[in-house]
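To start, the structure under review is shown below, and the notes come after it.
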Amino acid sequence: MAKQRYIQAINQVFLDEMERDKNIILFGEDVELAIFGDTREVYKTFGPERVYNTPICENSLTGMAVGAAAAGRRVILHLMFGNFVYTGMDAIAHQMAKLRMMTGGQMNLPITVICGYGGGRSLAGQHSDTPFPVLMNIGGVNVVTPATPADAKGLLTTAIRGNNPTFFMEASGRGGDSGEVPEGEYLVPFGKAAVHKEGKDVTICAIGTMVRPALRVAKQLEDEGISAEVIDPRTLVPLDEDGIAASVRKTGRLVVVDESKDRCSAASHIAAVMADKCFDKLKAPIKRVTVPNVSMPYAGVAEMAIFPTPEKIYAAVKSITGELAESNA
Amino acid sequence: MAKQRYIQAINQVFLDEMERDKNIILFGEDVELAIFGDTREVYKTFGPERVYNTPICENSLTGMAVGAAAAGRRVILHLMFGNFVYTGMDAIAHQMAKLRMMTGGQMNLPITVICGYGGGRSLAGQHSDTPFPVLMNIGGVNVVTPATPADAKGLLTTAIRGNNPTFFMEASGRGGDSGEVPEGEYLVPFGKAAVHKEGKDVTICAIGTMVRPALRVAKQLEDEGISAEVIDPRTLVPLDEDGIAASVRKTGRLVVVDESKDRCSAASHIAAVMADKCFDKLKAPIKRVTVPNVSMPYAGVAEMAIFPTPEKIYAAVKSITGELAESNA
Amino acid sequence: MTELPNVDAERRANWLALYERMLLIRRAEERVAKVAQAGGMPGGVHLYIGQEASGVGVCSVLEDSDFITSTHRGHGHFLAKGGDLKAMFAELWGKRTGICKGMGGSMHVADVSKGILGANGIVGGGIAIAAGAALGIKTGKEDKVSVCLFGDGAANQGVLMESLNMSAVWKLPVIWVLENNGLSEFTITDKVTAGEQTDRARAVGMPAVTVDGNDVLAVQKAMQEAIERARAGEGPSFIETKTYRIRGHLEAEDAFLGGYSYRKQEEIDVWKAPDKDPILRFASKLLSEGGASQADLDEIDERVIKLVDEAEQFAEESEDADPDLIHEITFDGQRP
Amino acid sequence: MTELPNVDAERRANWLALYERMLLIRRAEERVAKVAQAGGMPGGVHLYIGQEASGVGVCSVLEDSDFITSTHRGHGHFLAKGGDLKAMFAELWGKRTGICKGMGGSMHVADVSKGILGANGIVGGGIAIAAGAALGIKTGKEDKVSVCLFGDGAANQGVLMESLNMSAVWKLPVIWVLENNGLSEFTITDKVTAGEQTDRARAVGMPAVTVDGNDVLAVQKAMQEAIERARAGEGPSFIETKTYRIRGHLEAEDAFLGGYSYRKQEEIDVWKAPDKDPILRFASKLLSEGGASQADLDEIDERVIKLVDEAEQFAEESEDADPDLIHEITFDGQRP
Ligand SMILES: Cc1ncc(C[n+]2csc(CCOP(=O)(O)OP(=O)(O)O)c2C)c(N)n1
Ligand SMILES: Cc1ncc(C[n+]2csc(CCOP(=O)(O)OP(=O)(O)O)c2C)c(N)n1
Ligand SMILES: [Mg+2]
Ligand SMILES: [Mg+2]
């Protein structure tokens, strides 16, 4: 184990995997100088025949990823901001997600698309979206979003070595978080949620960027006599429905915390699945802590007013555990 | 009242509204000869200065709608297939949905985007999607999908006269359905669900194309002693949460039927909202009848195997009303 | 090789092969049209009839290992590139023996083993895929080319400029083939297009030529030059093949048009005439300069029709597509 | 008008106005830079310093009723088109007195009453909007023009080809202004661009010129010609203004670069020199040919700095943005 920053962990996987498998190519805008730092040294190490610093044209980039994969390469596409998923959406929805199925399974599309997402940094409407819903909904692409440097390493390695298109959503565009990362080969399987903290009264299912604030809230609740379990799906497609359901069945209460906008959010979907699968064990309404259905504002006060802050997570939990605190007290 | 086909009703609204308001312009691919029939005679009637038959370039078309609206026009954009929402997604997500908010409310964007959606006609993966989820999720655009010719007239008129971007999703690309349509001026307000059939045992919330099969199933259930209420949200943004909740509170059971792919579907979202708002009145798990998370197959048998057919709606209702049929019998 | 090859015999063989391939496409699609018109073909069916010289000329100089991307009007490209007729018919008939197991249908015929990366229902959908395949080839240092077939309507999609640009910047081994049939659905493409579309390629410094797309030999020649450039590492080329779509945009066209029309019957007749139709024209040439007799041509026609009969029978008799497969093939080794 | 106007006085007034506007942008952004570097400015801040002659030359011939669309580097365009400095500063400071009520910030400054349809954080985001505005103008038979300001990086987005094409087909009153500063973030644009970008306009039959983008008069002149064409119904024009970005891509650039660099200090120095910097250069010209004295220029500088001081104070003292507003302004008359 060694401490690494989130972005460093990602960067190291790129370097390791591209060394290990000469068939990998990487491309995207400004990957040469590594705008987010995650592609640092990649161009220098593997050269212009495997690393392409591209013009600005997301529509073609996503389609090119498909073509290069169909031609036998293993592809990493750096898409910078999660918002550019919308810019490159045509080929994502129509080719990347569908081509395998439409051709009767004739081709593998080993593509990893990486981008940062989320708000909280005054980047305003066009640089703060969390496009989980559209990616989860189109069908045919995996969606993963590690909350820790270790999961970043493990999930990215799994993504790159896998044969299916996978969106690797960076939960930390700035790469500030650091944590212990296993050395050597380390893969985290898709479809297996992580329980960050066990608990018995309420399940907080927190996605990506929301894991840290959820853990903070869980700690505070502990002090108040409420035992919260914090579970992190890690991969949204495939989704560990059974793992989340097991937790919900145990606690009987669920709060889903997600940086997506509320309507048709990942949180909505998880809530819906649990309202179907765990109904008999549910003791309280299922709560969602998400972003309202608006464009993210610029000003810090305005942004924080709609951001899924610890305060809002806390309030949501309390709204369905009110009686518990008293009875446990 | 007069009987009209769904597409005819739409066509008539275009003609009437463009006559009424000279500020309206309409553009899109092949609108001159009217590929779906809904823009028939529009070009002939209003000429090349208000109607533009465009080249094939959805990315610019959606952005142009924004520009023309910002310049003071009232805009109708014909986007043909719902799938092309993905092709024109960039400007939809980044400009149309956000510009009003990002500019502090400086501009109205009176834009109606119209397109057909859904499967069941062997049009395969790239022409069968139902892009409700992404449109509902981006925030900042309305999404409406009338199930009947009368609602088509009423909602389209409301959309065109409104000041906000609205996606008018044609539930019938072929225009085959017909029904009574009120004559003269007729507006249906957004955010008001329609109860197509009252019932007391279970609520079937059916969206757009799914209303007809839901009604068929409700009739069959009636014969078996199960009283199903069929409610049609009509507009997904804004969503009549209170109206749906009132029905669910009354029946205590909910099945949502939606042609979206399941993950993050409109159905998921409605289920999630009800699992929050109506928990205390719920007597059974909330069921969703949707399309699996795959590309729509071509072959009829394969398509029908995953399509939300009456059989699947029936099975979903029965799975939560099993005991009722017996007790009512 | 000690003897000089018999050039005439080689030419005759080449010409006859081109003719047979064009005729195969024609007869196959005539059959599809018949079935579709009778209501026996689900979905949208877009026929290539009248444009055969373009696809056949293009693919005649490609190896199986070379890639093509195609369009919604893709049957001709599929067959020209060596796709199996039976498997294509079975696909259109929605059968599990189909090349895509019945999951793709007319708009998605693909045979990856033959380098056919798929017909595409998204207008312009193949453009970036072709650029990507060329990028893949370049990275793999493989001796292949990637060919993008697209229509005059598709040439107004912005991805074209993007992908032309990248292919020129990185000198990718890709050949852009614009099949200009003058129409985009019911729209006369010229009415919505400014300038010459070849100039869009020239604007990124790419050589571009316009050839008679109904002259299979002219197309073949232009392709040969482009391929040489590509294989020599000199980068992409652009070829416009001027041609015409003889049938409707799709087989159900009349239902969509509802009595309106976008072209005159006389225009169609001009392109169907023996001096314009790519097959009739080439038949004359074969007879006058190619050393073929009418009997040769008749024999080819018989052979082709037999293949079409067999393919239809195969498709008819095959089992319906298997719905369970949907969930298996969406991902590799993972349920959706 | 009975007397001939005094051309020299008019010219002097025009020149001084251009100078003052350029200097206002420069001084305003220098202040923004200072605050941003000190950590007092949230979000991404992209400065226009070094490119002032382009935006000012372009907007100098526009009326309030004409439209512009802008980029992530939009402060200069905003001020050049007559946007209010105080309201812009308040916006950057995230205050409710901001031109967008604090909801947009640096990347989204817009003043619709002045025809400024918004800076845009999506590279190329303004392109189709400008085309649409021109379509709107044409339909309304209004005597306005629409101007799209975009960068050399944005010129590789496919929407450009799409919108150029439509503007040419319909002869829309739009002027395409490519501000070519040679850079796209940390990438030398030439390395990812094939051919001359002006040729992309010529490919759709549109007149295109390249001018010295650091010469405000050259830009003004090119715009005048383009506007005449547009107002005469002759359609769109394309102007490339060659310029240079003196500051980083964004103010926090060093943090992103982590010790790497994409250009040499010498290159920057060349463009900052008195013969290249658009403001210093124009100051010389004003002194030598424009009938201005150093005292005139100093007075302008003082006036401008006072405006900047006042704007900063206004921004500082304004109240924070109002979060409740978010839900009111997303839609007209409807909660989100
Ligand atoms: C992205 C997209 N937009 C629109 C359509 C509808 N459409 C199908 S074919 C077609 C015309 C294509 O014209 P062209 O590229 O010239 O091909 P052709 O039909 O002439 O072979 C259109 C507009 C589509 N399938 N995809
Ligand atoms: C669609 C999109 N892709 C990528 C980016 C990230 N990005 C911001 S500015 C920029 C470079 C733009 O270059 P150019 O258009 O020349 O403008 P300049 O910064 O030089 O003014 C990039 C790639 C973005 N904001 N939007
Ligand atoms: Mg065509
Ligand atoms: Mg630039």
Side-chain angles (χ1 to χ4, degrees), chain B residues 22-27 48-75 77 88 90-91 93-111 139-142 162-166 190-191 237-238, chain D residues 67 69 91 96 98-105 107-113 115 117-122 124-142 144 146 157-163 165-166 169-170 321 325-326 328-336:
Chain B
K22 304 284 181 261
N23 196 30
I24 297 173
I25 67 175
L26 181 151
F27 61 90
E49 291 202 337
R50 292 179 62 199
V51 182
Y52 293 82
N53 200 46
T54 71
I56 306 168
C57 52
E58 290 80 6
N59 262 301
S60 285
L61 298 185
T62 50
M64 281 194 16
V66 174
R73 302 288 87 79
R74 196 162 280 278
V75 177
L77 166 59
D90 178 45
H94 288 133
Q95 316 296 343
M96 204 183 286
K98 293 181 165 56
L99 207 49
R100 193 175 206 281
M101 156 67 192
M102 288 191 309
T103 59
Q106 286 184 61
M107 52 175 92
N108 285 334
L109 296 172
I111 301 169
V141 300
N142 285 324
N163 282 338
N164 298 309
T166 299
F190 287 1
V237 178
Chain D
F67 297 112
T69 65
E91 186 61 31
R96 69 181 63 187
I99 187 70
C100 302
K101 305 197 161 76
M103 299 303 170
M107 278 194 282
H108 303 292
V109 288
D111 184 347
V112 176
S113 75
L117 299 183
N120 215 307
I122 294 299
I127 291 172
I129 296 178
L135 192 79
I137 293 168
K138 189 183 152 127
T139 311
K141 297 192 171 44
E142 294 167 328
K144 300 178 183 176
S146 161
Q157 290 278 30
V159 280
L160 179 63
M161 186 195 84
E162 297 176 350
S163 289
N165 178 51
M166 286 188 283
V169 167
W170 296 319
L325 219 58
I326 302 167
E328 277 164 44
I329 63 179
T330 291
F331 287 121
D332 177 49
Q334 180 187 320
R335 307 280 296 181

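Just so it is clear, the model here is predicted, and its values are computed rather than measured. By convention in this document, chain letters (A, B, ...) are assigned in the order of the sequence lines, proteins followed by strands, and residues within each chain are numbered from 1.
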D:L117, part contacting chain B, at a heavy-atom distance under 4.5 Å: both
For chain B, the option from D:G125, D:S113, D:G121 that forms the most heavy-atom pairs under 4.5 Å: D:G125
D:D111, part contacting chain B, at a heavy-atom distance under 4.5 Å: both
Partner residues of B:R50 under the salt bridge (charged side-chain N to carboxylate O under 4.0 Å, His left out) criterion, sequence neighbours left out: none
D:I129 CD1 to D:F67 CZ distance, which is reported to the nearest 0.5 Å: 12.0 Å
From CE (D:M103) to CD (D:E91), nearest 0.5 Å: 9.0 Å
Which atom of B:I111 lies closest to which atom of B:A65, heavy atoms considered: CD1-O, 3.6 Å
Interatomic spacing from CD1 in D:I122 to CD1 in D:I127 - rounded to 0.5 Å: 12.0 Å
Under 4.5 Å from a heavy atom of chain B, the part of D:A130 involved: neither
Gap between atom CG of B:L77 and atom CG of B:L61 - 0.5 Å precision: 6.0 Å
Under 4.5 Å from a heavy atom of chain B, the part of D:I326 involved: both
Contacting region of B:N108 [heavy-atom separation from chain D under 4.5 Å]: side chain
Straight-line distance of D:T69 OG1 to D:N120 CG, nearest 0.5 Å: 7.5 Å
Leading residue by heavy atom contact count with chain D [cutoff under 4.5 Å; candidates B:M102, B:R100, B:M101]: B:R100
Approximate separation, where rounding is to 0.5 Å, of B:L109 CG and B:R74 CZ: 11.0 Å
Minimum heavy-atom distance D:C100-B:Q106, with the two atoms named: SG-NE2, 3.8 Å
D:F331 portion near chain B, given a 4.5 angstrom heavy-atom threshold: both
Most contacts with chain D, counted as non-hydrogen pairs under 4.5 angstrom, among B:S60, B:G72, B:P55, B:P165: B:S60
Proximity breakdown for B:V75 and chain D, heavy-atom pairs closer than 4.5 Å: neither
Part of B:N23 within contact of chain D (heavy atom distance under 4.5 Å): neither
Donor + acceptor pair across side chains of B:Q95, B:D90 (<3.5 Å): no
Chain B contacts, top residue of D:V112, D:L325, D:V109, D:L160 (heavy-atom pairs, under 4.5 Å): D:V112
Any residue meeting side-chain contact (heavy atoms from CB on, under 4.5 Å) with D:E142, in chain and number order, not counting sequence neighbours: B:R73, D:I137, D:K144
Between D:S146, D:A131, D:G102, D:A110, the one whose heavy-atom pairs under 4.5 Å with chain B are most numerous: D:A110
Winner by heavy-atom pair count (cut-off under 4.5 Å) against chain B, out of D:Q334, D:E162, D:K141: D:E162
Any donor-acceptor N/O pair, B:T166 side chain to B:N164 backbone, under 3.5 Å: yes
Selection from B:M64, B:E49, B:K98, B:M107 maximising heavy-atom pairs under 4.5 Å formed with chain D: B:M64
Chain B interface, residue from D:K101, D:R335, D:M161, D:R96 that has the most non-hydrogen pairs under 4.5 Å: D:K101
Segment of D:I99 engaging chain B (4.5 angstrom heavy-atom cut-off): both
Contact class of D:Q157 relative to chain B, heavy atoms under 4.5 angstrom: neither
Chain B interface, residue from D:G98, D:A133, D:G126, D:G104 that has the most non-hydrogen pairs under 4.5 Å: D:A133
Contacting region of B:T62 [heavy-atom separation from chain D under 4.5 Å]: neither
